[in-house]
Amino acid sequence: MTLKSHLTSDTAACCWIPLFALRCETARRPELASLPVALLSPDDSRRVWQVAPLARRAGVKPGMTVSQAIGLCPSLKLCEPDPVHYDEQFSQIVTALVTVSPVVEPVELGRAYVGTDGLERLYGSPQQIVEEIQMRSAECGMRNFSEGSFAPRASNVHSALRIPHSALRVGWGRGKFVAWVAATRAKPGETVLVPAGREATFLASQPLAVLPLDPDTHRRLLQLGVKTLGALVALPEDAVVSQFGGAGRQLWRLAAGLVAEPVVGRIVPEPIVAALTFFTPVGERDLLAHALDKLVDRALGDPRRSGWRVQVVRVHAELEHGASWLAAATLKDPSATRERIAAPLKTQLERSPPAGAVERLVVEFTAFTPGTAELQLFTRDAGAAARAGRRRALQSAAREIALRIRRPMLYHIIEVQPWSRLPERRYALIDFEP
């Protein structure tokens, strides 16, 4: 492992469970396993999100509208999404992976990278490291059941994970891209390992779609007759760059196995959580937005946030009839003010509101950045501002500034000659004495 600002690892194991959310639903409702099923999108209830194989065979594809999907498959079973449950299940897997390696990078629901540099001293060969990953995943609840033999989840136990171990696919190689492609080539319950130095050979036969391509670039490459990574690498790098710019260089180097993007571990902070339970379920957006403001204020007043600005915030709601709603935001400019923290959550609430009445609303601050020197002087008194009033908090902060900087930096504006036409004479600055 390399210790920089984060833990990193050049070799990676990609752990992937396709259709993770749909598998979570099938796991707790085993009767769905034999039906054509589709999950509705958490962001747009008019479209389908994840589609079971039986529904795919009937022509249903992710992103279709509900009316299109039902037109192709009249027997289609539509399920309301429960994103909070899916997130809880995936968190269990991530927690299990951390017991194997301190360098774990979750990417999306159902996919995470495990850094494996140095683990050979603990577990042995790459194959033995992967076996350890699979074993720890099984210990977190992923039993080696066959598809369709899941035990139903108790309605009041969200933590019972019943996704079969056979659903996990693992790819190992140098860099995240090689590990990801290897995972996509692995059969369910199996592993594909790419030995060091064999990256280019392995990638050459892979289809173009494994690259992170936008639709226009994909279309243009197909028009040039490029269908595999090997065909792309056969083109001169300079020619690809002239056609596609800097993005083309990155794609060419990925296809050639020359880019080994490291796994970047994260230090998981202790989240700050504020929750509100409604005695009568609430469905009005204005009331939910008001409750959201109150919860953000409550979380900001937590003493653990002192000296830190919020970078990642999320809100989730428990709805009637067991469904849920989840929204998250990463702030480009971390903040310690309620308006800036709550704004992106309110936008998501307006664009994609909960599909039912809310019984419980929870706000979580999950990532932080240090405050500036000025913010740190004031955030210590954020709790005091709420408890004893803003003036007392300001007085305390002013005294601390004077002690640190050794000269006053706060001033009163007072009116001295209100009749004067010159602003400089009308007002004067005097030191603020707490």
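These numbers were taken from a predicted model, which means no experiment stands behind them.
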Any side-chain heavy atom of Leu39 sitting closer than 4.5 Å to one from Glu25? yes

State, without any angle test, whether Arg185 and Gln206 hold a side-chain donor-acceptor pair at a distance under 3.5 Å. yes

Straight-line distance of Leu232 CG to Leu229 CG, nearest 0.5 Å: 7.0 Å

Applying side-chain contact (heavy atoms from CB on, under 4.5 Å) to Pro262 and not counting sequence neighbours gives Thr8, Asp10

If you apply the rule side-chain hydrogen bond (donor to acceptor under 3.5 Å, both in side chains), what do you find for Thr65 with Arg46, and how did you get there? CA-CA 6 Å; Thr65 63; Arg46 297 169 299 178; over 6 Å; no

Verdict with supporting geometry, Glu350 and Lys346, salt bridge (charged side-chain N to carboxylate O under 4.0 Å, His left out): CA-CA 6 Å; Glu350 188 67 27; Lys346 288 182 179 179; over 6 Å; no

Reported CD-to-OG1 distance for the pair Glu318 and Thr277, which is rounded to 0.5 angstrom: 7.5 Å

Assess whether a salt bridge exists between Arg249 and Glu237, defined as any Lys/Arg side-chain N lying under 4.0 Å from an Asp/Glu carboxylate O. yes

Enclosure of His218 NE2 (heavy-atom neighbours >12, cutoff 6.0 Å): yes

Just how far is it from atom CZ of Arg219 to atom CG of Leu224, taken to the nearest 0.5 Å? 10.0 Å

Any sub-3.5 Å donor-acceptor pair from Gln50's side-chain atoms to Leu22's backbone N or O? yes

Find out whether Gln127 and Leu193 are in side-chain contact, i.e. whether some heavy atom of one side chain is under 4.5 Å from a heavy atom of the other. yes

For the residue pair Ala182 and Val194, what are the closest heavy atoms and their distance? CB-CG2, 4.1 Å

In plain terms, say whether Asp297 and Lys294 are close enough for a salt bridge, that is, a side-chain N and a carboxylate O under 4.0 Å apart. no

Salt bridge (charged side-chain N to carboxylate O under 4.0 Å, His left out) evaluation trace for Arg314 with Asp87: CA-CA 12 Å; Arg314 69 177 193 167; Asp87 187 70; 2.7 Å; yes

Please step through side-chain hydrogen bond (donor to acceptor under 3.5 Å, both in side chains) for the pair Ser41 and Asp44, ending with a clear verdict. CA-CA 5 Å; Ser41 170; Asp44 185 354; over 6 Å; no

Counting distance only, does the side-chain N/O of Glu199 pair as donor-acceptor with the main-chain N or O of Gly197 below 3.5 Å? yes

Give a yes or no answer on whether the side chain of Arg23 reaches the backbone of Ala167 with a donor-acceptor pair at less than 3.5 Å. no

From CA spacing to verdict: side-chain contact (heavy atoms from CB on, under 4.5 Å), Val48, Leu78: CA-CA 8 Å; Val48 296; Leu78 296 172; 4.0 Å; yes

Is it the case that the side chain of Ser9 and the backbone of Asp117 share a donor-acceptor pair, with hydrogens and angles ignored and the cut-off at 3.5 Å? yes

Is a side-chain N or O of Arg169 found less than 3.5 angstrom from the main chain of Ala186, in a donor-acceptor match? yes

So for atom CG, which belongs to Asp302, do other residues, nucleotides or ligands contribute more than 12 heavy atoms lying within a distance under 6.0 Å? yes

So, the side chain of Trp325 versus the backbone of Ser352: is there a donor-acceptor pair under 3.5 Å, distance only? yes

Donor-acceptor check, side chain of Glu105 to backbone of Val264, threshold 3.5 angstrom: yes or no? yes

From CA spacing to verdict: side-chain contact (heavy atoms from CB on, under 4.5 Å), Asp333, Arg340: CA-CA 9 Å; Asp333 297 315; Arg340 295 184 64 180; 3.1 Å; yes

Within the 4.5 Å heavy-atom criterion, are Trp172 and Thr11 side-chain neighbours or not? yes

Should Leu221 and Phe244 count as side-chain neighbours, where that means a heavy-atom distance under 4.5 Å? yes

Taking the side chain as everything from C-beta on, heavy atoms only, tell me whether Ile341 gets closer than 4.5 Å to Leu331. yes

For a quick check under 3.5 Å, do Arg111 and Tyr113 share a side-chain donor-acceptor pair by atom type? yes

Say you draw a straight line from CD1 of Ile129 to OG1 of Thr191; how long is it, rounded to the nearest 0.5 Å? 12.0 Å

Under 3.5 Å donor-acceptor, Arg360 side chain and Ala317 backbone: no

Can you give me the closest heavy-atom contact between Ala328 and Gln348, atom names plus distance? O-NE2, 2.7 Å

Start with the C-alpha distance between Arg28 and Asp82, add both sets of side-chain angles, then the distance that settles salt bridge (charged side-chain N to carboxylate O under 4.0 Å, His left out), and finish with yes or no. CA-CA 12 Å; Arg28 63 179 176 178; Asp82 190 354; 2.9 Å; yes

Out of curiosity, Thr337 OG1 to Arg309 CZ, how far, rounded to the nearest 0.5 Å? 10.5 Å

To the nearest 0.5 Å, atom CZ of Arg29 lies from atom NZ of Lys77 at 5.5 Å

Non-hydrogen atoms of Ile93 and Phe20 that approach each other most closely: CD1-CE1, 3.6 Å

Taking the inter-plane angle between the rings of Trp16 and Trp180 on a 0 to 90° scale, is it parallel (under 30°), tilted (30 to 60°) or perpendicular (over 60°)? perpendicular

Main chain of Ala196, side chain of Arg174: is a donor-acceptor contact present, judged purely on distance under 3.5 Å? no

Is the shortest side-chain heavy-atom distance between Arg220 and Asp216 below 4.5 Å? yes

Donor-acceptor check, side chain of Ser324 to backbone of Val84, threshold 3.5 angstrom: yes or no? yes

Quick one: list whatever passes side-chain contact (heavy atoms from CB on, under 4.5 Å) with Ala256, sequence neighbours left out. Val233, Trp252, Leu258

Assess whether side-chain contact (heavy atoms from CB on, under 4.5 Å) is satisfied between Ile133 and Leu97, documenting all intermediate values. CA-CA 6 Å; Ile133 290 172; Leu97 296 177; 3.6 Å; yes

Just so I know, are the side chains of Thr116 and Ser101 near enough to count as touching, which here means a heavy-atom distance under 4.5 Å? no

Looking only at non-hydrogen atoms, find the nearest pair between Pro36 and Leu54 and report the distance. CA-CB, 3.9 Å

Atom of Arg136, atom of Thr99 and distance for their closest heavy-atom approach: NH1-OG1, 2.9 Å

Would a 4.5 Å heavy-atom cut-off, applied to side chains only, mark Cys14 and Lys176 as touching? no

On a heavy-atom basis, which atom in Leu319 and which in Pro354 lie closest, and how many Å separate them? CD2-CB, 3.7 Å

Determine, stepwise, if the pair His316 / Glu364 fulfils side-chain contact (heavy atoms from CB on, under 4.5 Å). CA-CA 9 Å; His316 60 85; Glu364 295 178 304; 3.8 Å; yes

Above 12 or not: heavy atoms from other molecules or residues under 6.0 Å from CG of Asp286? no

